[in-house]
Chemist: 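One structure, pasted below without further comment.
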Amino acid sequence: MRPRAFGAEFYDRDTEHVARELLGGVLECTVDGVTCRGRIVETEAYVGEHDAACHASVGRTARTAGLFGPPGSAYVYLIYGMYWCANVVTRAEGLASAVLLRAVEPLDGVDVMRRRRGVRRDLDLTSGPGKLCDAFAITGPRFHGASFTRGALRLCEGTPVPDAAVAVTPRVGINAKNSAVDWPLRWIVRDSPWVSARSDTRRWLNAAR
DNA sequence: TCGCCGATCGGCT
DNA sequence: GCCGATCGGCGAA
């Protein structure tokens, strides 16, 4: 059954709330007639031009223009010349912030994901921002600037995740000299095996106790 | 299981 | 030129 997509008003709010509430939601992407779905288990917030880890901290450029776009639009960029990362833009148009989709639990289209990824273990299909874009065939040319509220790329209502099952950590992959390195803007489903950076996450959660 | 390293290229200084 | 919101393979422990 086709789930219902979040509307633009869902994204026209504080980025932290959107990131938190996307946990348990469903990412859906249709390419070449095949639909893949996954339950979102990990997100990160990039909260604006004052956030040194946010691409928009350099201001509005050709690259970052998408971050200033309307709520619910896709900001898809290439990292390390090799991997795509998918974000959903938050807050009103003109405010540069977004939620990075970092990991999902595969639900539908798993065979296609396996073919696209070519990895040994299913756990490596979608447990990272570059991995999930590969598994779902999300690329910049296909989806940068598209809307997550309708069409081939959607974010949909799923089963909400209770606070007791959620953990918050600093974001992954932020350079140690970045002033925002420690900001707690990563949300995960605490016990999901599908989250990225598993050993780092375990270490951080243990140290925080 | 951990840590290191190379791949690969567009955007920015 | 430099470096990154990453990933997978490798060798060591």
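Numbered from 1 within each chain, the chains take letters A, B, ... in sequence-line order. Bear in mind the structure is a predicted one, so any value in this text is a computation, not a measurement.
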Chemist: Determine all donor-acceptor pairs shorter than 3.5 Å in which one atom belongs to a side chain in residues 70-84 of chain A; sequence neighbours excluded.
Modeler:
unit_1	atom_1	unit_2	atom_2	d
S73(A)	OG	P70(A)	O	2.7
Y75(A)	OH	H55(A)	ND1	2.7

Chemist: How far, in whole Å, is dG8(C) from dG10(B) if one measures between their C1' atoms?
Modeler: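 After rounding to an integer number of Å, I get 22 Å for this pair.
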
Chemist: Could you spell out the base pairing of DNA chain B as a dot-bracket line? Use Watson-Crick and G-U wobble contacts where both distances are under 3.5 Å, [ ] for crossing pairs, | for partners on a different strand.
Modeler: |||||||.||||.

Chemist: Applying salt bridge (Lys or Arg N to Asp or Glu O under 4.0 Å), can you list everything that pairs with R13(A), at least two apart in sequence or on another chain?
Modeler: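 Only E21(A) meet the salt bridge (Lys or Arg N to Asp or Glu O under 4.0 Å) criterion with R13(A).
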
Chemist: First locate atom CZ of R171(A), then atom OG1 of T43(A), and finally report the distance between them rounded to the nearest 0.5 Å.
Modeler: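 That separation rounds to 11.5 Å.
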
Chemist: Kindly compute the distance separating CZ (R121(A)) from OG (S127(A)), expressed to the nearest 0.5 Å.
Modeler: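 Answer for the CZ-OG pair, R121(A) versus S127(A), is 7.5 Å.
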
Chemist: May I ask you to test the T126(A)-D134(A) pair for a side-chain heavy-atom distance under 4.5 Å?
Modeler: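 No, side chains not in contact.
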
Chemist: Hey, could you give me the CZ/CG distance between R39(A) and L23(A), rounded to the nearest 0.5 Å?
Modeler: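 Output value for this atom pair is 8.5 Å.
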
Chemist: Taking side chain to side chain contact (heavy atoms under 4.5 Å, CB included) as the definition, give me every residue that meets it alongside T149(A), ordered by chain and number, with sequence neighbours left out.
Modeler: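 Expected list: Y11(A), S147(A).
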
Chemist: Can you list, by residue number, the residues of residues 113-142 of chain A that have a non-hydrogen atom closer than 4.0 angstrom to DNA chain C?
Modeler: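 Per residue number, the list reads R117(A), V119(A), G128(A), P129(A), G130(A), K131(A).
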
Chemist: What does the B/S/- profile of nucleotides 8-13 of chain B look like, 5' to 3', with a 4.0 Å heavy-atom cutoff to protein?
Modeler: BB-SS-

Chemist: Determine, answering yes or no, if Y77(A) is stacked on dA5(C) under the 5.5 Å centre rule and the 30° plane rule.
Modeler: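 It does not: the ring fails the test against the base of dA5(C).
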
Chemist: My understanding is that only residues two or more places apart in sequence, or in another chain, count here; which of them pass salt bridge (Lys or Arg N to Asp or Glu O under 4.0 Å) with R115(A)?
Modeler: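 Salt bridge (Lys or Arg N to Asp or Glu O under 4.0 Å) list for R115(A), sorted by chain: empty.
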
Chemist: What residues in residues 87-102 of chain A put a non-hydrogen atom under 4.0 Å from any atom of DNA chain C?
Modeler: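 Heavy-atom contacts with DNA chain C come from N87(A), L100(A), R102(A).
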
Chemist: Between atom SG of C36(A) and atom CG of D108(A), what is the distance when rounded to the nearest 0.5 Å?
Modeler: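 The distance works out to 8.5 Å.
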
Chemist: Give every pair of a protein N or O atom and an N or O atom of nucleotides 10-12 of chain C that lie under 3.5 Å apart, one pair per line with the distance.
Modeler:
none

Chemist: So, is the end of the R154(A) side chain (NZ or CZ) under 6.0 Å from the ring centre of F148(A) and within 45° of the ring's axis?
Modeler: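 Output no; distance or angle outside limits.
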
Chemist: Measuring from atom CG of D163(A) to atom CZ of R20(A), what distance do you get when rounded to the nearest 0.5 angstrom?
Modeler: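 Rounded to the nearest 0.5 Å, the CG-CZ separation comes out at 4.5 Å.
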
Chemist: Does a salt bridge link R91(A) with D12(A), judged by any charged N lying under 4.0 Å from a carboxylate O?
Modeler: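 No, this pair does not count.
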
Chemist: Apply salt bridge (Lys or Arg N to Asp or Glu O under 4.0 Å) to E49(A) and list each qualifying residue two or more places apart in sequence or on a separate chain.
Modeler: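 In terms of salt bridge (Lys or Arg N to Asp or Glu O under 4.0 Å), with neighbours along the sequence ignored, E49(A) is linked to no residue.
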
Chemist: Is the shortest heavy-atom distance from the side chain of R37(A) to the side chain of L27(A) under 4.5 Å?
Modeler: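 Result no, sub-4.5 Å side-chain heavy-atom pair not found.
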
Chemist: If we ignore angles and hydrogens, is there a donor and acceptor under 3.5 Å between the side chains of E42(A) and S196(A)?
Modeler: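 The criterion, which ignores hydrogens and geometry beyond distance, is satisfied for S196(A) and E42(A).
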
Chemist: Considering residues at least two apart in sequence or located in another chain, which fulfil the side chain to side chain contact (heavy atoms under 4.5 Å, CB included) criterion with A45(A)?
Modeler: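 Scan of A45(A) (side chain to side chain contact (heavy atoms under 4.5 Å, CB included), adjacent residues dropped) gives T15(A), A19(A), V47(A), L185(A), W187(A).
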
Chemist: Could you check T35(A) against E28(A) for side chain to side chain donor-acceptor pair (under 3.5 Å), going step by step and ending with a plain yes or no?
Modeler: CA-CA 7 Å; T35(A) 299; E28(A) 180 192 271; 6.0 Å; no

Chemist: Please classify the nucleic acid contact of R203(A) as base, sugar-phosphate, or nothing, using heavy-atom distances under 4.0 Å.
Modeler: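 Sugar-phosphate contact only - R203(A) comes under 4.0 Å of backbone atoms but never of a base.
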
Chemist: Could you identify which residues of residues 173-191 of chain A place a heavy atom less than 4.0 Å from some atom of DNA chain C, listed by residue number, or say none?
Modeler: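 The answer is G173(A), I174(A), N175(A).
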
Chemist: Could D124(A) and K131(A) be called an ion pair, given the rule that one side-chain N must be under 4.0 Å from one carboxylate O?
Modeler: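 Yes, this pair counts.
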
